[in-house]
Student: 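Encoded as structure tokens, here's the structure I'll be asking about.
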Amino acid sequence: MIQTCMEKRNATIDFFRIIAAVLVIVIHAGLRGLFGVSVTVALYAVPFFMLVTGYFYFINPSRERLNKVIKKTLWLWFIWMIIYLPAGIKIYVRAHAEGASALRMVLDSVVGESVCYGGSWYLMAVVVGLLVVDYLRRHNLMALCHTIAAAILIILCFDTNYRPIVAHVPMVHVNLATTVITGILWIDISYIIATKKEWLLEHFGEWRWFIIAVALTVCEYVMRRCTLGELSMKYNDMWITLPVSMVLIFTVILKHPNMQPKEHAIKFRDFATLLFFISFGVIDVCRLPQSVGGCTLVIIITAFLAAFIMMLSHRKSFKWLKRLY
């Protein structure tokens, strides 16, 4: 009997993509009262997505792979922008009638949160982050890249959770943490993880570091509330310790791989992708109460629709649905 060697894939990373997608729903479903989840551990979600993309690219970087990743990312940005275009037009017309700048809304849709769906900024951030960090890598300017990333972290902290400290300084009326500049920070960190992987695994691979990572975020949240009061309902997307927590969490996940046949593990990835994109439509259409029950129902509906699309896309007549994920 001839035995074939089946290609394996780390299903742990793909499983955590699903958890990250659920955390995105927790944020956008407005679940703010559950022990600060949406402004603490839920903030791991989008950085995790970016770290995964950057990590796998920087393991074996090349122009060809860069173009492939960017092309795939831009396609997802475009196709879901088209799907949510009716919602975007509705918001655009209402906002324009209230005096909002048309040019500003179009610009925000490209570099920040789109009027079509809020998650669009993350995709453009990945593209910008990859282009900037990879350019600096190829020109041996990673010291400059790390400096830029550190500066972005400081700016984002003062623009979000630490705004009260610089309340006297004029600030732009946009959440910088949900714009493309955030991609430079997280893609730079993904480069560090990819290049320092062995050292990180040796020193920070045990599960206790996962707990420490969460504790860092929660402790900073508690200290921030005790010293500066309640967090802003809008500007609450960045913590000083968040990059450290993300490096620790990602390292622990890498240290404990669950290697599965690639075709099986990829199903987790695809399911997570659909969860992320579909959730914006479910939240907008259902308009459920901002409660644990409402958030849970959004998760259930979104998961059902994601599973249904995946199942349908494997039928010959509906293979085109795979273009959605």
Student: Using 0.5 Å steps for rounding, measure from the NZ atom of Lys8 to the CD atom of Gln260.
Tutor: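 These two atoms lie 6.5 Å from each other.
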Student: Go through the steps to decide whether Phe276 and Tyr122 satisfy the test ring pair (Phe, Tyr, Trp, His ring centres under 6.0 Å), and finish with yes or no.
Tutor: CA-CA 11 Å; Phe276 175 82; Tyr122 138 69; 5.4 Å; yes
Student: Please determine whether ring pair (Phe, Tyr, Trp, His ring centres under 6.0 Å) holds for the pair Trp199 and Phe204, giving the CA-CA distance in whole Å, both sets of side-chain angles, and the decisive distance to 0.1 Å.
Tutor: CA-CA 8 Å; Trp199 183 84; Phe204 304 104; 5.5 Å; yes
Student: Taking salt bridge (Lys or Arg N to Asp or Glu O under 4.0 Å) as the definition, give me every residue that meets it alongside Asp134, ordered by chain and number, with sequence neighbours left out.
Tutor: Arg137, Arg138
Student: How far does CG of Leu305 sit from CG of Leu275, to the nearest 0.5 angstrom?
Tutor: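 Rounded to the nearest 0.5 Å, the CG-CG separation comes to 10.0 Å.
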Student: Can you confirm whether the side chains of Thr217 and Thr40 place a donor and an acceptor under 3.5 Å from each other?
Tutor: no
Student: My understanding is that only residues two or more places apart in sequence, or in another chain, count here; which of them pass ring pair (Phe, Tyr, Trp, His ring centres under 6.0 Å) with Phe15?
Tutor: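 With neighbours one apart ignored, the set is empty.
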Student: Less than 3.5 Å apart, which donor and acceptor atoms pair up between the side chains of residues 318-325 and the rest of the protein, not counting sequence neighbours?
Tutor:
unit_1: Trp320; atom_1: NE1; unit_2: Ser317; atom_2: O; d: 3.3
unit_1: Tyr325; atom_1: OH; unit_2: Ser313; atom_2: OG; d: 2.6

Student: Which value, rounded to the nearest 0.5 Å, describes the distance between Cys116 atom SG and Asp284 atom CG?
Tutor: 11.0 Å
Student: Start with the C-alpha gap between Asp270 and Asp14, add the side-chain angles, then the distance that decides, and say whether side chain to side chain contact (heavy atoms under 4.5 Å, CB included) holds.
Tutor: CA-CA 9 Å; Asp270 295 341; Asp14 293 315; over 6 Å; no
Student: Look up atom CE in Met124 and atom OG in Ser114, then write down how far apart they are to the nearest 0.5 Å.
Tutor: 11.0 Å
Student: Rounded at 0.5 Å granularity, tell me how far OG1 in Thr178 sits from CG in Leu156.
Tutor: 9.5 Å
Student: For the atom pair CD1 (Ile19) and CD1 (Ile253), what is the distance rounded to the nearest 0.5 Å?
Tutor: 8.0 Å
Student: Going by atom types alone, do Asn175 and Asp237 pair a side-chain donor with an acceptor below 3.5 Å?
Tutor: yes
Student: With ring pair (Phe, Tyr, Trp, His ring centres under 6.0 Å) as the criterion, how do His256 and Trp207 come out once you've worked through the C-alpha distance, each side chain's angles and the decisive distance to 0.1 Å?
Tutor: CA-CA 9 Å; His256 300 85; Trp207 280 106; 4.9 Å; yes
